[in-house]
Structure formats: structure tokens, C-alpha cells
Number of protein chains: 2
Amino acid sequence: MLAETSARDLGFPNAYDRRQMSDGPYIAESASLIGDPARANMLAALMDGRALSATELGLAARVAPSTASGHLSKLVDGRLLSVISSGRHRYFKLASPAVARVLEELMVLAGDGPPRYRPKSRCSEEMARARTCYDHFAGKLGVAIADSLASRELVVLGDDGGLVTDAGMAFLLELGVSIEERKASRRPLCRPCLDWSERRWHIGGGLGAALTLRCFEAGWTERKRDSRAVTVTHAGKRAFEQLFGMRL
Amino acid sequence: MLAETSARDLGFPNAYDRRQMSDGPYIAESASLIGDPARANMLAALMDGRALSATELGLAARVAPSTASGHLSKLVDGRLLSVISSGRHRYFKLASPAVARVLEELMVLAGDGPPRYRPKSRCSEEMARARTCYDHFAGKLGVAIADSLASRELVVLGDDGGLVTDAGMAFLLELGVSIEERKASRRPLCRPCLDWSERRWHIGGGLGAALTLRCFEAGWTERKRDSRAVTVTHAGKRAFEQLFGMRL
DNA sequence: CTGACGTTTCGGCGAGCACCGAAACGATCC
DNA sequence: GGATCGTTTCGGTGCTCGCCGAAACGTCAG
């Protein structure tokens, strides 16, 4: 059945040629931007959702400032980054949550396949314990929060995506997490996000972002300098034990 | 606050350098594989989950057989494709649903941003009407099925992920969709999948796959030759009208 | 065995691109 | 105004990698 295809169309345009006009080149454009190691390092450094300057991103990628500038121009042109100018600085951030999703999925892919060579522990101990994933918690902390909320049926994660129950809404309201305006947004409220260190789901989407924002505002968590890693403060430990019944 | 960073670490390893040891190079490896137009065309051609031979993929990418062979070796090495040998043919398919997810997310990214130049209609009329997305329905058909199931609360999609209700389970059982064994799998049962043509959610995950498989088995839908496009048969039109209350 | 076909390997060609340093530009601070 | 700093542009260098055609390998058919 396959011989027929090749015999019929030998050297002539066929159905597969038409597909060339399809998606391939478009995804290649974005993918090749991510595909350069220097640019990938920059993007990875921006995965926490913050905006960084060109110099900082150059250091992250270990390239000269001029090289970094060139890469950043391409990433902005390719709509993977957006830029805001402030004085003599220019701050770059991921253009959209969709970009973060692609990167996160790529990390899952990179983490796949067991026997592959992988130098030392790719992720540091503290990164595995608690970090931000674009704009929500990941690592053991993120998974623990997700487990806690799920076990009390404040959210339902099941095997399949996530939902916030009515009780969950009440809980969040009481916690001071503003979730109402997020429901209007097109962004999924409670997207499950596969954790590359824990290999389990944690809570992303608008809910994950709001909850995480609240934890920083309340002083329960703090960002480690120049890293996606997160530390839980003393107040945070108390709060998390009371709210989520977890010990850290 | 930033000047401090650069002054302190001028020319020396700093926190950002350490991040180089992090995820960047790993995601770059996969991304650069996808980033070549020829390889991207091959991957796009495999998005329907079928396995194709090296020659077919060469035609899809418009490259010589020898070139195609080289690309395919790299994709297999990079764990994006898996290969099964059969006689003098070798058939290639996507290595995992995770690969399909990355590609799908990249398509969403490529579809982002409005004013960008885009020749003609990127997707043909028939592709927009009904197609497969790796292993489940997408396009108007996929969205219509999702809407129907949601409106009758057989699944709950909300803004946020998806869940199958008890009534939904009963419905699927009656339909002859074998869903039980899929619950055991680690694959999400009802992952919402953003549709790049409709810009709305349709149903992916194990449920989407099982439902789609059932439709093909029942003869309600048929694959267009050499394409991801799908046609609905006469029997299918009747069935879909009865089951989902839709007219096509 | 012999010929046909799908696939892979090899050698060579050419283009694209990442990299850097030097210099220019613009904003800020003294 | 002048010095400093963050950022960008420009020119030049080197390497990688995609591409093809020719030839080799293995399988299948007669």
C-alpha cells in the first residue's frame, strides 16, 4: 500500500508536499530560536516570570554583551520575549504564559528517557525542594500544596486536569487570594503542570499564580537571589503547617 | 540594585553562571532538533500518531532520501522519534505523547500574535473542519464534541482542565468507549488541548484518544489519505447528531 | 542467483550563524 | 560639561550543519 504511493508520485508533488505548506516551518521558527544553547539559557533564566536586563542574561548565557544583545533581538522578533525600557536598562521577560508552557514541556521531554548521561544532579537540592515555575510554585513545595488541597477536596486533581470546588473557592477567599477576576481571563484557572523533578503534578494556571503571589506578599516565602529557588520563612512554615497541614 | 551585581562579579563566575549547568542546554538539544525546517515538517507529518517510512517522510520534508535518513537518525537519537523495522522498511513515529504536546504547544505559539504575515490560509478548510491532533479530534469537530459533552455535564471543562463526571463515565461505557484501563495509566485522562485553528479547547488525553478510536472503529469518521484531516461519514453524521446533538 | 528497492554511509560543497572586539549611541550621575 | 555605564551596531573569523549524489548494504521477489 505504501509502494503505490511512491510509484505513483515519483518525483512529483504529492500529498506530502502540500503538507510542507502546513505547520512545519512555523514551529521550526520558534523551535530554532529556543534551540541555541545561549538563548535557551536565557529563556531558562526567565522561567520564573521576572524581567532581567540584557547584561544579566548575557552572564546567564556566558556570552559577551554584544552577543547577548543579538540573541535578545531575535527572541523579541520571534515573539518569545517582550521588552520594557526603563532608563538605560532594558528588561526582558517571557512574552506570554504560552512560552513558559513550551519551555516546561521541553524540560519534561529533556527529563524523559532514563539511562541517558546526566552530569551530577542536574537540579540542586534547594531547587528540588521549592522553586517557582514561571509564576507558581513547583518542586516538593508545589507538589505538597497540590496534594494538600486535593486531599481536602478544595481542588480536584484526579488523573485529569484540575477543578476548584465551591469549598475551595471559599478557602481561597478566606486566604485573601483574589481569584474572581482571574476567572474572567482566558487563562486556565487550575492547569496541572508536570513537575520535572518530582514527576508529579503541581498546580499552575491562574490559581497557582494567585496563590504564589499571596505567599510572597504575606512573607511566607522568599526568592533566593538570582535563582528560581524559593525559601520558606519561619512565618511561612507556621502558616503552611496550619493551612496545608504540612511539615517542612 | 543591579549595578551591584555586575560590579561584584565582573568577569567572574556568579549565580547566573551556575544556572548554565541547569536546564538550558537540555531543552536546547530537543528544541534545535525541532528547529530545522525539514525535521519540523517530518514531525508535523507524524502528528497524527501514525508511523511513516523514511521515504514518505523525505517527501514530506522535500529532501533527498539520504538527507531524510540523516535527519531521522538524529531525531531517534534525540528520543523524539521511535522506530520499528519491518522487512526492508523502517517506520518512524513520535516517541511519546510528550513529544506531541511540545509540538502542539509550539503550534499555539506560532499561531500567536495577530498582525504577522501569514500566506493564505495556513490550514486548509478541511483541516479546520475536522482533523486529528496526535490521537484525538481537533478542529470544529473536536471543539463541538467538547462543547456537547460539557453542556450536558458529562465532562466539566470550565476554564480549567477537564474532569469526567459519573454521568460521563456511564455515557462513555454505554458508548463502548473503554476508559477503565486508561485511568490506571499515568497519562491525564481528560487534558484540555488548545486548538490552534479554533483558539478554543478540545478534549485530549486518554479520553480524547479513546473516544476518537471508537469513532474510527464504528465507521463514523475516516482519515483522509496522507493527511490529518478527517471526514465524517453518513453514519457518523447520524450518530453525532444523536449522541452529541450536533449538525454538521 | 539476479535484479529491484528501501535505506544508510561517505565525501564534498556551500550557506548560515554564533562568537568576539571595537566603536558608536543614549541615559545617568557627578 | 565630562565621565561612566548599559546597550547596540558593525566587521571579520571560524565552525557547524544541511544539502546532494554516488556508492554500499540488506531485504524481498522472481
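Quick note on labels: first sequence line is chain A, next is B, and so on, each numbered from 1.
- Nearest to the side-chain atoms of A/T55 among the listed nucleotides D/dG26, D/dG6, D/dG21 stands D/dG6.
- One atom, CG of A/D77, and another, C1' of D/dT8, lie 14 Å apart when rounded to the nearest Å.
- Here the side chains of A/V76 and A/F92 are in contact, with some heavy-atom distance below 4.5 Å.
- With hydrogens and angles ignored, a donor-acceptor pair closer than 3.5 Å exists between the side chain of A/S66 and the base of C/dG21.
- Distance CD (A/E56) to P (D/dT7): 8 Å, rounded to an integer number of Å.
- Counting heavy atoms from C-beta outward, B/R90 and B/I84 have side chains that stay 4.5 Å or more apart.
- Distance CG (B/L75) to P (C/dT7): 15 Å, rounded to an integer number of Å.
- In this entry the distance linking CG of B/L81 with P of C/dT7 reads 14 Å, nearest Å.
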Quick one: which protein N/O atoms are closer than 3.5 Å to N/O atoms of nucleotides 16-18 of chain D? Pair and distance per line, please.
residue, atom, partner, partner atom, Å
D/dG18, OP1, B/R39, NH1, 3.2
D/dG18, OP1, B/R39, NH2, 3.1
D/dG18, OP2, B/K74, NZ, 2.5

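- Distance, A/E29 CD to C/dG16 P: 16 Å, rounded to whole Å.
- With a 4.5 Å cut-off on side-chain heavy atoms, B/R39 and B/I34 do not count as touching.
- For the pair A/N41 and A/R62, the minimum side-chain heavy-atom distance is 4.5 Å or more.
- Between B/L59 atom CG and D/dC20 atom P the separation is 12 Å, expressed in whole Å.
- Here the C1' atom of nucleotide C/dA4 and the NE2 atom of B/H89 are 12 Å apart, to the nearest Å.
- One atom, CG of B/L57, and another, P of C/dT7, lie 9 Å apart when rounded to the nearest Å.
- A donor-acceptor contact shorter than 3.5 Å is absent between the side chain of B/S69 and the backbone of B/P65.
- Side-chain atoms of A/A54 lie closest to D/dT7 of the nucleotides C/dT7, D/dC20, D/dT7.
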Could you list the donor-acceptor pairs under 3.5 angstrom formed between side-chain atoms of residues 204-221 of chain A and any protein atom two or more places apart in sequence or on another chain?
residue, atom, partner, partner atom, Å
A/T212, OG1, A/F137, N, 3.2
A/T212, OG1, A/G208, O, 2.8
A/R214, NE, A/L175, O, 2.7

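- The side-chain heavy atoms of B/D36 and B/H71, taken from C-beta on, include a pair separated by under 4.5 Å.
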